[in-house]
Amino acid sequence: MCGIVGYIGYREAYPIVINGLKRLEYRGYDSAGIALFDGEHLKVAKTKGKVVDLEDKVKRELTTDGHIALGHTRWATHGVPNDVNSHPHYSNSENLVIIHNGIIENYESLKKALKERGYTFKSDTDTEVLVNLIEDVMSKENLKLGKAVQVALNQVIGAYAIAVFDKNKPDEIIAARLGSPLAIGVGKDEFFIASDASPFLEFTKNAIYLEDEELAIIRLGRDVKIRKIKDDSMVDPYVQALQLNLEQIEKGGYEHFMLKEIYEQPSAILDTFRGRLLSNEAIIKMSGVEDNMKKFLNAERIIIVACGTSWHAGLVSEYIFEDLARIPVEVEYASEFRYRNPVITEKDIVIAISQSGETADTLAAIKLAKSKGAFVFGVCNVVGSSIARETHAGAYTHAGPEIGVASTKAFTTQITVLSLIALRLARAKGTISSSDFRHHLIELELIPDKVKKALESDSYVKTVADIYKTAKNCLYLGRGYNFPVALEGALKLKEISYIHAEGYPAAEMKHGPIALIDEQMPVIVIATKKGHYEKVVSNIQEIKSRKGKIIGVVTEGDTQVKDLADHVIEVPETLEALSPLLTTIPLQLLSYHIAVMLGKNVDQPRNLAKSVTVE
Ligand code: G6P
């Protein structure tokens with residue numbers, strides 16, 4: 001995790017790097033730091049806390065002129081978040097400075113060897129070891145910075161996106177990546193380095209995304225030179241034109257990114273199926289699926305790997321793949337899958353779901369599945385991300401940048417893509433009738449408007465949030481397609497309001513959670529008309545007789561649950577398979593409002609990060 005930003009060019013570097021860090025804070029925000037070179041002196045300021053705390057510190061301690069800077073926002077792995085462990089890190093001579101996103105796994109043995117050679121360390125970080133290793137290689141072997149970084153990285157086990165600067169060579173920055181993302185913005189007489197393109201969008205739309213094991217020599221007045229770290233071969237830089245614009249990464253009048261992203265869902269879902277769903281012709285067109293149709297049709301099993309909210313989207317799709325396309329599905333936490341010697345064969349299709357496309361466990365699960373001969377299909381949001389590139393084929397969700405750490409529009413757009421795939425396969429396999437297929441397409445097309453309608457419950461959900469904001473525990477129940485929605489609702493509440501919440505299949509309540517129910521316990525029950533409605537109503541009765549507080553998420557016009565529940569939140573009617581796209585909306589709003597009312601940092605909840613690039 002962590003965000004890195006660098007600038008070298010003719011502009012004032014400080015504001016570019018500080019603003020860039022603010023845009024990357026979703027990647028980590030427990031400390032921040034900056035190194036500035038004013039043409040003569042290399043200065044570093046760093047602090048525990050957020051980028052605004054860094055700005056305060058810089059105001060007190062540094063002058064900010066200079067055209068070269070490296071900045072970092074941290075999510076601690078090695079060493080607690082404090083000033084000393086914050087990046088950038090100097091080498092012992094203070095000639096070199098480094099920023100790093102990733103983990104150097106063998107840092108202890110490297111540190112021991114460096115200590116024996118007289119190096120000293122101020123921090124507990126693996127990164128300080130790396131910068132001294134580079135310095136050691138440079139002096140021992142009398143190498144230029146780029147070569148020294150390459151030699152040092154060949155001794156390193158782990159993951160990294162780094163940028164290194166040498167004050168004795170002030171026209172260049174060396175950047176490299178393995179496992180953590182790194183983009184280079186290419187302007188006229190200036191370069192930007194960042195974990196994603198957002199820090200430099202207003203300056204250039206030309207970007208090079210480094211591949212794993214590549215090192216870039218970024219020198220003013222020259223083209224970027226890229227080498228393979230292992231075999232030293234040259235790589236032709238591929239400069240791509242970015243499609244992103246600034247508006248997409250700003251709050252656009254909303255108080256928080258999370259709220260903006262919740263409200264973006266109608267258009268995000270529309271963007272997801274635009275050009276893919278042709279209901280008039282009763283066609284779904286997805287090139288990643290069409291090009292590999294034979295593989296999909298011959299698959300004996302689909303294994304879905306993902307983490308967090310993406311895993312919940314995988315669970316929803318398990319229902320639709322099995323229900324409509326009749327393909328057996330297993331949904332696995334990527335972290336468990338990769339470490340338990342799973343049985344995978346060439347007849348399996350692995351679908352990896354990831355908003356960021358950078359989650360380390362998901363990436364490792366993909367590599368494992370590929371090594372066993374499985375065909376791996378990616379469902380990612382971030383274009384050009386590591387997972388998008390590592391998979392054999394895939395489909396983007398096209399949700400636009402998701403900045404709030406708690407995932408919202410990524411979830412609904414992932415479900416949309418996965419539903420399209422399941423429907424396409426069902427049609428190809430003949431497991432769905434043509435009228436049923438057409439009906440699903442027409443209903444899917446109506447979803448954006450129905451999500452808009454579901455969003456109209458916002459002010460009522462706010463009232464409910466006000467009543468339950470002081471709850472210590474919450475239970476979320478759902479059945480069938482809406483069981484994963486219950487899990488997702490509970491996760492949202494935990495993530496941003498720090499209230500303990502559990503999601504359960506409604507019928508399982510009797511096997512444990514029912515013991516928790518008393519008059520203090522809010523129970524959110526998803527009880528839409530289709531999908532075991534009567535059974536869920538019975539579960540609601542069971543809660544009511546134990547005096548639990550019931551918040552029902554129901555289909556418009558429902559009367560039965562209304563009579564039993566303390567509050568009901570209505571969503572429009574749709575097909576059961578598509579209902580998660582609607583029932584999840586009030587749950588997102590509920591956790592959002594509770595977190596705001598409790599004064600929590602909604603977009604940057606404690607201890608979390610948007611993109612988990614460490615195991
Ligand atoms: C982190 C984020 C979650 C996300 C999960 C998986 O935990 O905070 O919101 O669901 O990672 O991320 P991915 O990018 O792979 O979907």
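Along the sequence shown, the residues carry numbers beginning at 1. Because the structure is a prediction, the values reported are computed rather than measured. Order of listing sets the numbers, starting from 1, for every ligand and every atom in it.
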Full working for side-chain contact (heavy atoms from CB on, under 4.5 Å) between Lys600 and Arg606: CA-CA 9 Å; Lys600 305 296 184 209; Arg606 71 181 178 204; 5.8 Å; no

Under 3.5 Å donor-acceptor, Asp603 side chain and Met258 backbone: yes

Donor-acceptor contact present, side-chain Lys492 to main-chain Thr584, <3.5 Å: no

Euclidean distance, Ile351 CD1 relative to Ile303 CD1, rounded to 0.5 Å: 10.5 Å

Within the protein, flag every N or O under 3.5 Å from an N or O of ligand 1, and note the pair and distance.
unit_1	atom_1	unit_2	atom_2	d
ligand 1	8 (O)	Ala609	O	3.0
ligand 1	9 (O)	Val405	O	3.2
ligand 1	10 (O)	Thr309	N	2.9
ligand 1	12 (O)	Thr359	OG1	3.3
ligand 1	14 (O)	Ser354	OG	3.3
ligand 1	14 (O)	Gln355	N	3.4
ligand 1	14 (O)	Ser356	N	2.7
ligand 1	14 (O)	Ser356	OG	2.6
ligand 1	14 (O)	Thr359	OG1	3.4
ligand 1	15 (O)	Ser354	OG	2.6
ligand 1	15 (O)	Thr359	OG1	2.4
ligand 1	16 (O)	Ser310	OG	2.5
ligand 1	16 (O)	Gln355	N	2.7

Pair Arg301 + Glu330, salt bridge at N-O below 4.0 Å: yes

Parallel, tilted or perpendicular: ring planes of Tyr481 versus Tyr319, cut at 30 and 60 degrees: tilted

